[in-house]
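Both counts, for ligands and for their atoms, begin at 1 and track the order of listing.
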Amino acid sequence: MSTLRFYAIKKSLNRKPVKIEENERRSALFGRNVFNEDKMRQYLTKEAFNSVMDAVQNGSKIDRSVADHISTGMKEWAISKGVTHYTHWFQPLTGSTAEKHDAFFEPIGNGRAIEKFGGGQLVQQEPDASSFPNGGIRNTFEARGYTAWDPTSPAFIYGTTLCIPTVFVSYTGEALDYKTPLLRALQAIDTAAVDVCKYFDKNVKKVNASLGWEQEYFLIDSGLAASRPDIQLTGRTLLGHSSAKGQQLDDHYFGTIPLRAMQYMRDLETECMLLGIPVKTRHNEVAPNQFELAPVYDEANLAVDHNSLLMDVMHKVAERHDFKVLFHEKPFKGVNGSGKHNNWSLSTNTGVNLLGPGKTPMSNLQFLTFFINTIKAVHDNEELIRASIASASNDHRLGANEAPPAIISVFIGEQLTSVLDELQNVTNGKLSPEEKTDLKLNVVGKIPEILLDNTDRNRTSPFAFTGNKFEFRAVGSTANCANPMTVLNTIVANQLIEFKKEVDALIAKESLKKDEAIFNILREYIKKSKNILFEGNGYGEAWEKEAKKRGLSNFKTTPEALKAKVSKKAIKLFEDLGVMNKIESVSRYEIEMEEYVLHIQIEGRVLGDIARNHVVPTAVRYQNILIENVKGLKEIYGDGFKKLAKEQMALIEEISSHIESINSNVTKMTNERKISNNIEDLEIKAHAYCSKVKPFFDDIRYHCDKLELLVDDELWPLTKYRELLFTK
Ligand code: ADP
Ligand code: MG
């Protein structure tokens, strides 16, 4: 065993769970480090408090003079908790979070200093932003962007820093982050949904999109992870033969959580409580060393912030426990990958979940309206939905026979399928009194408040209705939820606007009653969006064929999938709804294509290095041992050696043949990379990386993995799958 591998394993075996002291109730810890309503009441003047609440609830602007009061209150609270610095916390398009800390401390002359935090510093800052990806929005000479306070997501303390959630925009007004378009999309759906709600309840003033994410991840001992250059640099294993025991026995899912992992989770949950992240669920996932964590759902913007923050906190807490967290969608070949289900719904200020069936026929008609409009939106924009979850790492998961396929479809369950079937037969135009009564009593009125077949059983669907919400399951575990949430809320908003127009037109032109008009439009929507509904096995080949017949897209790779983001239709959609202008849409497309290229480029380099500099030299060393052995046999037995050394000689040749394949493939891959690097056009370049460079990964890996089985375990330099996955 290589020294590195040996010590990594030895160390991991000796690790003891970190002892976690807990003597306070979680409910008491919850939100302690968040500048929430309670703290605002305590630290802000009445005027300042009302102004923030008005901004949160109605999106009103905060007056600059009031901002000074707010910042002062925030500072007092923060200092009382030992905070020394503040930062504008934002989510640039790198996919992670960014922060630049400034101290409250300020010298005021004569050797004296004070703690200062003015309204200006709260509201706006100018980070040196030139090295964040911007997709060509800002020329470098005007590489200026600023961060601006988002009062709808409360400030929080992490460590000794006050973090202020902000948007990040260029001086020309374009969004440079994930949050800005999300906030605009949430605004769009709020307006559109309120308008539609008015058909049913005039009191509705606001509709919030809610998000409940479920985060899957792997926990690997940090020493073992560090012994693998591929995990260190790419977050996944680029090679490694599967372990004899993997997940076949299904003994991990919902099994007892190993003590070390449990202590990590407890520690993490405490941090989450302090930060106001309402984590509730934890369990083992399907693969060994794979786990999941989920909070209670929240307003979408806050939930997105919480997920980004959580991912940071998970890395930090992992350090204390000598773990490395892997968020990659497919860290281990042949073992389940990780996703991030996005549970999504809409709820009104009057407390109604618009995607939950209600008690009366009228509330059920409202439910069906939102339910069917969502299906129609997904149907009309399936390519854009697919694009919203595209990434190099998620490509490993989508369509890889375990996660949802790359084909977007909607699962709604038996009960609702039959409801839609009935609605499809509603009469065109005016309905007879008998038909209305029948609809009321037997169709709409029959939808139970709790859907019994609770529809959650088909785990293969990428977009499933689960009783009172839709669950977008194809989102990758590394993703920032803002991307899919921006798209989903935008397309549904657009659809609701369309719906309202059509219903109003029927009422005006054909003088239909409101509910008649709604039934008429819904009937047409059901007919038009049938193709997107699918209840069967999404992993099967039969579905691939069927989906093709239906004309549904099946983009298996990111460069193909992303294209939908810059289609005429998508650009117009985002423009019409005020979510992104053309420059913003195009720049995001470029950033994501570029990111794809960079990911594959890094993986190619790392794989080439490991194959040539770790695997091949080890194989040669073992081969030399075999050669020595053969020579020795010959020396002792003369001609009789041939029979005795037969197996060894076969091995020597087999090793040579794998070495030859590895070397020639690495050379070919490197050449393809060089050719691709010289391509100017980003789109052609991304496709070249995808179809010319990436295919070598599998070939190289195949031969390396074969050598892993042949070469003496004592010599093998890389920590093996069984060690990575089964060390507790
Ligand atoms: P499970 O899928 O494990 O049976 P649930 O269906 O209750 O559990 O919820 C799964 C996730 O969906 C949880 O994270 C929960 O917070 C979230 N969720 C529940 N209701 C909503 C809703 N109305 N909007 C958004 N997310 C929701
Ligand atoms: Mg789920």
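- Annotation: Tyr297 places an N or O atom under 3.5 Å from an N or O atom of ligand 1; distance criterion only.
- Ranked by closest heavy atom to atom 17 (C) of ligand 1, the top entry among Leu293, Asn343, Asn342, Asp298 is Asn343.
- In this structure Ser345 satisfies the side-chain hydrogen bond (donor to acceptor under 3.5 Å, both in side chains) test together with Asn353, sequence neighbours excluded.
- In the candidate list Pro295, Ser210, Ser345, Pro295 is nearest to atom 14 (O) of ligand 1, counting heavy atoms.
- Taking CG from Leu29 and CD from Glu269, the interatomic distance works out to 11.5 Å, rounded to the nearest 0.5 Å.
- Under 4.0 angstrom from ligand 1, the non-hydrogen atoms of Val296 all belong to its backbone.
- Considering Phe411, Phe371, Phe472 as possible partners of Phe465, the one that fulfils the ring-ring contact (aromatic ring centres under 6.0 Å, His included) test is Phe371.
- The ring of Phe156 has its center closer than 6.0 angstrom to the ring center of Trp89.
- On a distance-only criterion, Glu214 and ligand 1 share no N/O pair closer than 3.5 Å.
- Against a heavy-atom cut-off of under 4.0 Å, Gly212 is close to the following atoms of ligand 1: 25 (C), 26 (N).
- Counting only N and O atoms by type, the side chains of Gln91 and Ser308 include a donor and acceptor under 3.5 Å apart.
- Using a 3.5 Å distance cut-off with no hydrogens or angles, the side chains of Asp54 and Ser60 do pair a donor with an acceptor.
- Of all the heavy atoms of Thr466, none lies under 4.0 Å from any atom of ligand 1, so neither backbone nor side chain is involved.
- Under a 4.0 Å criterion applied to the non-hydrogen atoms of Asn353, ligand 1 contributes the atoms 23 (N).
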